[in-house]
Every structure is written in C-alpha cells, then in structure tokens.
Amino acid sequence: MKTESKLQQILDSGQFAVTAEIGPPKHSSAEGIRHHAEMMKDYVDATNITDNQTAIVRLSSIAAGVHVQSCGIEPIVQMTCRDRNRIAMQSDLLGAYSLGMRNVLCLSGDHQKFGNHPTAKNVYDIDSMQLIYYLRRMRDEKLFFSGEEIKEHEPRFFIGAVANPFADPFEFRVARLEKKVEAGAQFIQTQCIFDMERFERFMEMVRERGIDQRVHILAGVTPMKSWRAAKYIQNNVSGMIVPDELVERLKNAEDPKREGVEICIEQIKYIKENIKGVHGVHIMAIAWEEVVPEIVERSGLYPRPKI
Amino acid sequence: MIIAQQKPVKDIAAMISECKKVLLVGCAGCVTVCLSGGEKETEVLASSLRIMRKMEDKPLETVTYTATRQCDPEYVAMIDNYTKDVDAIISLACGVGVQYLAERFTDKWVVPALDTKFIGGSTVHGNWEEKCGLCGECILHRTGGICPIIRCSKSILNGPCGGSQYGKCEVSKDVDCAWQLIYDRMKALGKLDKLMEFHPPKDWSKSRDGGPRKAIREDVMID
Amino acid sequence: MQYAPSVRIIEMPCSGTIDHRVLLQTFEDGADGVFVAGCMEGDCHFLKGNFRAKKRVRQVKAILDEIGFGGDRLDFFNLSAAQGQRFAEIVKTMTDRVMELGPNPLKLKNAKKEGGAA
C-alpha cells in the first residue's frame with residue numbers, strides 16, 4: 001500500500017536505504033535534536049525518533065519528529081505499547097499524521113523497570129503485533145481500532161516493526177517476523193547486530209520463507225565507543241549478543257572510538273555485499289549521533305538519493 | 001488461592017497507635033494456607049504488638065479470633081461479640097476480608113495487617129508464585145495452559161518480545177519468559193502453528209477496567 | 001557440672017515443636033533471655049526438627065529486632081544430651097550476654113508502673 005513516505009519510495013525503488021536514530025533529550029529544548037538532524041540531513045533517508053527509550057522520560061517522539069522534519073529529514077516516529085492505551089495511541093497517531101509524520105515504527109518498549117520511573121504502571125493494552133495490525137487497518141480499511149469507521153482523513157502511515165534475531169527462541173524469531181509482516185509491517189529494523197554469524201543464519205531462514213520479498217529489512221548497526229560499553233551490553237542487556245572477539249578488538253585498539261567506527265563500517269559493507277534480502281541499514285549511534293555522516297560516507301552510501 | 005504477606009509490624013502498630021484495646025481477626029481461608037493470616041500468625045502479631053507497646057509504656061490489650069472466612073457475611077457476623085469494647089479491628093485477611101469487616105462494623109476503625117499480593121499457588125512450602133491475572137476472560141486454551149497476561153511482564157498476547165533470552169524475561173534472570181514456556185509447550189504438543197495466529201487485543205471491560213465486577217448465579221440464590 | 005542458677009529449663013518433646021508464639025510468650029512473661037537447645041545436626045529423631053527450630057528462632061529474632069525488643073536475647077544452639085560441659089558454656093554465654101543487655105525491658109516497665117502506683 002502506497003503512502004507519502006519518502007522512505008517507502010526509496011525502499012520500493014530497490015535502493016539500499018539508510019536510516020539513523022535520534023534520541024530526544026531529557027529536557028524541553030529541541031536544540032540538540034535540531035543540531036543532530038541538520039548534521040545528518042544529507043546522509044540519511046529518515047531518522048527514527050525513539051519513544052522514551054529504556055523507559056526514561058524524554059521529550060516526546062512526535063514533538064521531536066516535528067523538529068526533525070522542519071530541519072529537512074523525514075522522521076520515523078517510534079511508538080511503544082508501554083505508555084499508552086489504545087485510545088491515547090490512536091489520538092497520538094492522528095496528531096502525528098496531522099503534523100506531517102508519515103512513518104511509524106511499532107514496538108513493545110523496554111520494561112519500565114530499567115528506566116527512571118521504575119514504580120510506574122505499564123499499560124500494554126495492546127501489543128506491538130496488534131498495533132501493526134490496527135495501524136494497517138486504519139489506513140487500508142479506514143477503521144479505528146474498535147472497528148468504527150473513520151469517515152475522512154484516515155492516517156496513511158508507512159508501517160514499520162522491529163525484529164530481534166538475537167532474542168530467543170531463535171527458531172521462532174523468523175516466524176514472529178513473518179507474523180508481523182502478515183499483520184501489516186512494511187519495513188523492519190533489526191536489533192543491533194554484533195553477532196554477524198547469527199544474523200546470517202536469521203536471514204537465511206528469512207529468505208527460505210520468502211519474507212524478504214514481502215518486506216524491507218533494514219539491518220541495525222551500532223558503533224561502540226569502548227570495550228566497556230560492549231562488555232556492558234554483553235552482560236546486562238537482555239536480547240543482545242556481543243561476541244568476545246568484538247570486545248577484545250576494542251580492548252586491544254589504540255583508539256577504541258576509531259576502532260568502533262571502523263567495525264561499524266566493516267559491518268555495513270559486509271551486510272550490503274554479502275547478505276541477500278537486506279534492503280538497508282539502520283544506524284543506531286546511541287548518544288553519538290555526530291559519527292553518523294562519517295559512517296555513511298565511508299561505507300559508500302553517500303550521496304543519498306534525492307526524492 | 002489469594003497470596004498475602006504481612007505488613008511490617010511497625011506499620012500496623014502505627015495504624016493503631018491511639019488504641020488501647022484491639023481485636024485481631026485472622027482468617028482460616030487462603031491466608032491460613034499461605035501462612036500469613038491464620039490463627040498462629042494472628043497470635044504472633046498480637047504478641048509482637050503487645051511487646052512493642054509495652055516497651056513504649058503504652059500497654060495494648062489484644063483479643064484474637066480467627067474467622068472461618070472473612071469473605072462471607074455469616075462468618076463475619078460471628079465476630080460481633082468480640083468487637084464491643086475494642087478501639088480498632090485489625091484484619092489479617094486479604095483486602096476482601098478487611099472490607100467485609102469495615103462494612104459490618106461501621107463504627108470501628110478497621111485496618112489491614114496484610115498486603116494482598118496475588119492469585120497463585122505454592123511450588124514448595126514457603127514459596128508462592130503468581131499464576132492468574134484475573135483478567136475476566138480466560139485464554140489459556142490459546143497459550144498452552146500458560147498465562148501471558150500475568151506471567152509475561154508486558155502481558156503480550158503475540159509474544160515473545162525482543163527481551164526474551166536464554167528462557168528468561170528481560171526484567172530479571174529469575175523470571176522465566178512466559179512466551180518461551182508457551183513456545184516450548186506448543187512445540188512439544190506439535191501445535192506451533194497456533195502461535196502464528198494473530199491474537200486480537202483483550203477486552204479489558206471484562207477485567208477490572210469495567211469497574212468492580214459481579215458474578216451472579218440466580219439458580220443458587222436461596223431467596 | 002555447674003551452671004548459673006538463673007536458668008529455667010523447659011522441656012519440649014522436640015525443638016521442632018517450638019513455635020513462634022511460645023518464644024514470644026516467654027518474653028512477655030518476663031524472661032531476660034531465651035535459648036533453644038536443639039539436637040546436633042543429623043541427630044534429630046524426626047529428621048528435621050532441629051533445622052526447623054533454628055529457622056523459627058531466626059524468624060522470631062527478626063521480629064524481636066523489628067519491634068525494638070532486640071533479637072539478641074534469643075538464640076539457638078545445637079547440643080547433645082552428652083555435652084554437659086558445652087551446656088554449661090552456653091548457659092554462661094547467654095547469661096553474660098543478658099547481663100550486658102540488662103533485664104527484660106518489659107519487666108522494667110512493669111516495675112516502674114508498680115513503683116509509680118505506690
């Protein structure tokens with residue numbers, strides 16, 4: 001289903017897409033977001049705006065999306081199921097569309113236990129699968145989640161979802177991805193890939209089921225600043241796999257930050273050249289947005305197509 | 001059964017700090033089985049409160065009684081005679097019992113001694129776990145007999161989420177991922193295809209979100 | 001074998017029959033200190049009575065600490081009937097401890113009350 005999304009145009013035209021991530025701040029100034037957006041403007045096709053990631057209160061993803069958009073980048077508004085019930089979700093989605101947002105990424109959201117409000121009540125009125133399903137129905141069948149008709153101006157989002165090849169049960173991950181595609185997901189961004197071998201196995205299963213023909217998969221990559229950061233993720237973040245070799249390589253590097261960038265570039269090149277079925281890359285430079293232009297340029301993904 | 005745990009004695013003592021004589025009412029139902037509000041726990045609490053108050057030079061007189069159940073009016077009525085001259089009633093029942101006592105003894109200060117935790121069962125003596133979310137519309141036939149509403153920390157119906165790893169939930173390594181358990185069981189039963197079915201959102205109006213619920217069976221009503 | 005005359009022995013069929021209430025009652029009745037002598041580990045006629053007693057004592061100590069009475073006045077020891085000397089030692093240990101802690105605070109309150117009334 002066609003939408004006004006530029007990201008969709010790029011992906012549907014068969015070009016290798018580049019998206020990045022901008023994390024809104026823990027305050028009410030958009031200066032930083034705008035700075036990052038302007039910096040990335042010519043280097044990415046769209047940027048994700050995270051939705052209170054790791055359950056830490058931040059400037060809203062939709063508001064940040066408006067700032068990013070006014071700087072000339074197409075935003076991908078992330079929406080988790082943790083903080084809103086179906087009424088608030090639809091209201092925010094209508095609002096987001098009215099403000100020019102054309103891409104939504106649906107996800108469960110990190111548990112509030114990890115954030116700065118661990119005593120909060122989580123919502124999970126609907127889950128990410130249901131959000132995808134109803135968002136598609138909103139657009140294609142002009143129906144609210146309840147089934148009531150949307151008389152006019154239904155929001156027509158390009159619908160994204162996430163997949164985590166590093167979570168368990170591994171065999172079911174591809175099946176669940178397929179379930180999301182069936183529900184209505186049009187593009188998929190994966191969790192950060194550090195274990196390339198596992199990602200290749202995942203993609204092999206994706207191709208076996210022909211899922212890559214029905215959805216655009218963007219491989220998630222993250223440049224690491226230090227071996228400690230890598231070690232931390234390895235030991236403490238559920239659903240991520242960081243191989244020991246990667247930690248060692250960063251440990252032995254003279255300039256670990258440089259090395260982190262090099263590793264990321266190598267990964268992108270490898271994915272682009274060797275892994276069939278991947279239609280783009282999603283760069284999550286967590287609290288390190290400045291490095292995105294260099295990564296894009298040196299990965300041979302610059303300049304970006306003009307739409 | 002309902003699993004409850006006793007509040008800190010100091011917190012209970014603070015609720016009755018102005019009282020000279022209190023009635024402690026245990027319950028012989030769920031809270032006796034989960035060892036938090038039965039006859040024994042009622043007496044231990046009474047003794048603890050007496051010692052504490054005596055140390056403060058404000059002796060407390062206690063009366064203890066254990067009701068067959070605090071969630072049935074006929075058993076609550078049997079407490080009547082014990083309440084006459086007490087300044088407060090401490091209920092060692094779940095939240096239902098506390099409210100039944102408060103409803104019957106309208107002129108008494110009724111306070112809870114327990115925190116009502118969850119609906120569950122015991123794995124071994126002294127270890128209880130939550131199993132049912134009281135959502136009002138059971139879906140266990142769709143999830144292999146494992147409840148994602150209460151055992152998945154995000155109550156996801158089309159799980160598992162991306163935080164499931166090595167069989168554990170992202171919330172804690174001590175918590176099993178309910179969806180891993182569901183997957184394993186469905187696989188063992190040869191019903192993995194069931195997990196590919198889209199599970200629609202729950203109708204939460206059948207849960208607490210529809211306001212306090214009632215269950216009515218006219219065929220068993222006496223009058 | 002000699003031991004302090006301050007001790008009163010209460011015989012129970014098994015340390016495992018001692019319940020939280022009994023222990024709390026001794027203090028309400030004025031005991032300055034209490035110790036439970038259970039059989040040696042592995043020697044319980046009922047297999048686990050002494051282990052259970054130990055856990056219960058630990059729990060009552062926690063209650064006594066929580067309510068400000070002090071769990072130090074209560075303890076558990078493993079002891080066999082043949083260890084008279086060891087028994088005397090434990091009595092001394094507990095007596096010394098209680099001497100240091102002073103009399104049961106509840107008794108003090110009673111005494112003060114009576115004094116006040118007189």
Side-chain angles (χ1 to χ4, degrees), chain B residues 4-17 19-22 24-26 28 31-66 90 92 111 113-115 122 124-128, chain C residues 10 12 16-34 36 46-74 98 101-118:
Chain B
Q5 282 176 339
Q6 198 187 297
K7 286 174 176 289
V9 181
K10 279 187 175 151
D11 292 359
I12 302 166
M15 298 174 198
I16 52 144
S17 59
C19 307
K20 290 194 171 69
K21 184 174 181 181
V22 297
L24 293 97
V25 189
V31 293
T32 291
V33 184
C34 73
L35 307 173
S36 54
E39 185 183 354
K40 178 178 168 182
E41 292 78 24
T42 304
E43 286 173 16
V44 169
L45 176 61
S47 179
S48 304
L49 288 169
R50 286 194 303 266
I51 293 175
M52 202 172 162
R53 286 286 292 268
K54 203 161 180 186
M55 304 239 315
E56 291 168 6
D57 237 351
K58 278 166 47 188
L60 177 74
E61 200 181 331
T62 63
V63 183
T64 59
Y65 176 84
T66 302
I90 300 175
L92 284 89
V111 299
L114 307 186
D115 290 320
S122 60
V124 292
H125 203 60
N127 190 352
W128 296 273
Chain C
I10 298 168
M12 303 291 276
T17 65
I18 299 173
D19 142 324
H20 307 63
R21 287 170 287 192
V22 176
L23 296 171
L24 288 169
Q25 189 64 52
T26 59
F27 292 113
E28 282 201 79
D29 289 348
D32 298 313
V34 173
V36 175
F46 304 103
L47 305 176
K48 290 177 178 168
N50 48 356
F51 286 102
R52 287 180 181 148
K54 199 173 181 174
K55 279 200 230 170
R56 281 178 207 149
V57 166
R58 203 183 301 149
Q59 170 65 11
V60 175
K61 277 168 79 74
I63 293 174
L64 292 171
D65 276 334
E66 190 192 349
I67 61 179
F69 183 87
D72 287 347
R73 293 182 184 275
L74 174 65
V98 168
L101 292 168
N104 178 330
L106 304 185
K107 245 183 351 192
L108 280 181
K109 304 285 179 198
N110 283 346
K112 220 168 78 190
K113 270 264 145 60
E114 282 152 21

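Chain identifiers are assigned alphabetically (A, B, ...) following the order of the sequence lines, protein sequences preceding nucleic acid strands; residue numbering begins at 1 within each chain.
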Any donor-acceptor pair under 3.5 Å from C:E28 side chain to B:I51 backbone:
no
In terms of heavy-atom pairs under 4.5 Å with chain C, the winner among B:E56, B:R50, B:M55 is B:M55
Under 4.5 Å from any heavy atom of chain B, what part of C:I63 do you find: side chain, backbone, both or neither?
side chain
Taking the side chain as everything from C-beta on, heavy atoms only, tell me whether B:P8 gets closer than 4.5 Å to C:E66.
yes
Any heavy-atom pair between the side chains of C:F69 and B:M52 that's under 4.5 Å?
no
If every non-hydrogen atom of B:S48 is compared with every non-hydrogen atom of C:I67, which pair is closest and at what distance?
O-CD1, 3.6 Å
Please check if atom NZ in B:K21 has more than 12 non-hydrogen atoms from other residues, nucleotides or ligands closer than 6.0 Å.
yes
Rounded distance [0.5 Å steps], NE2 in C:H20 versus NZ in B:K40
4.5 Å
Spatial distance of atom CG (B:L45) from atom CZ (C:R21) [nearest 0.5 Å]
12.5 Å
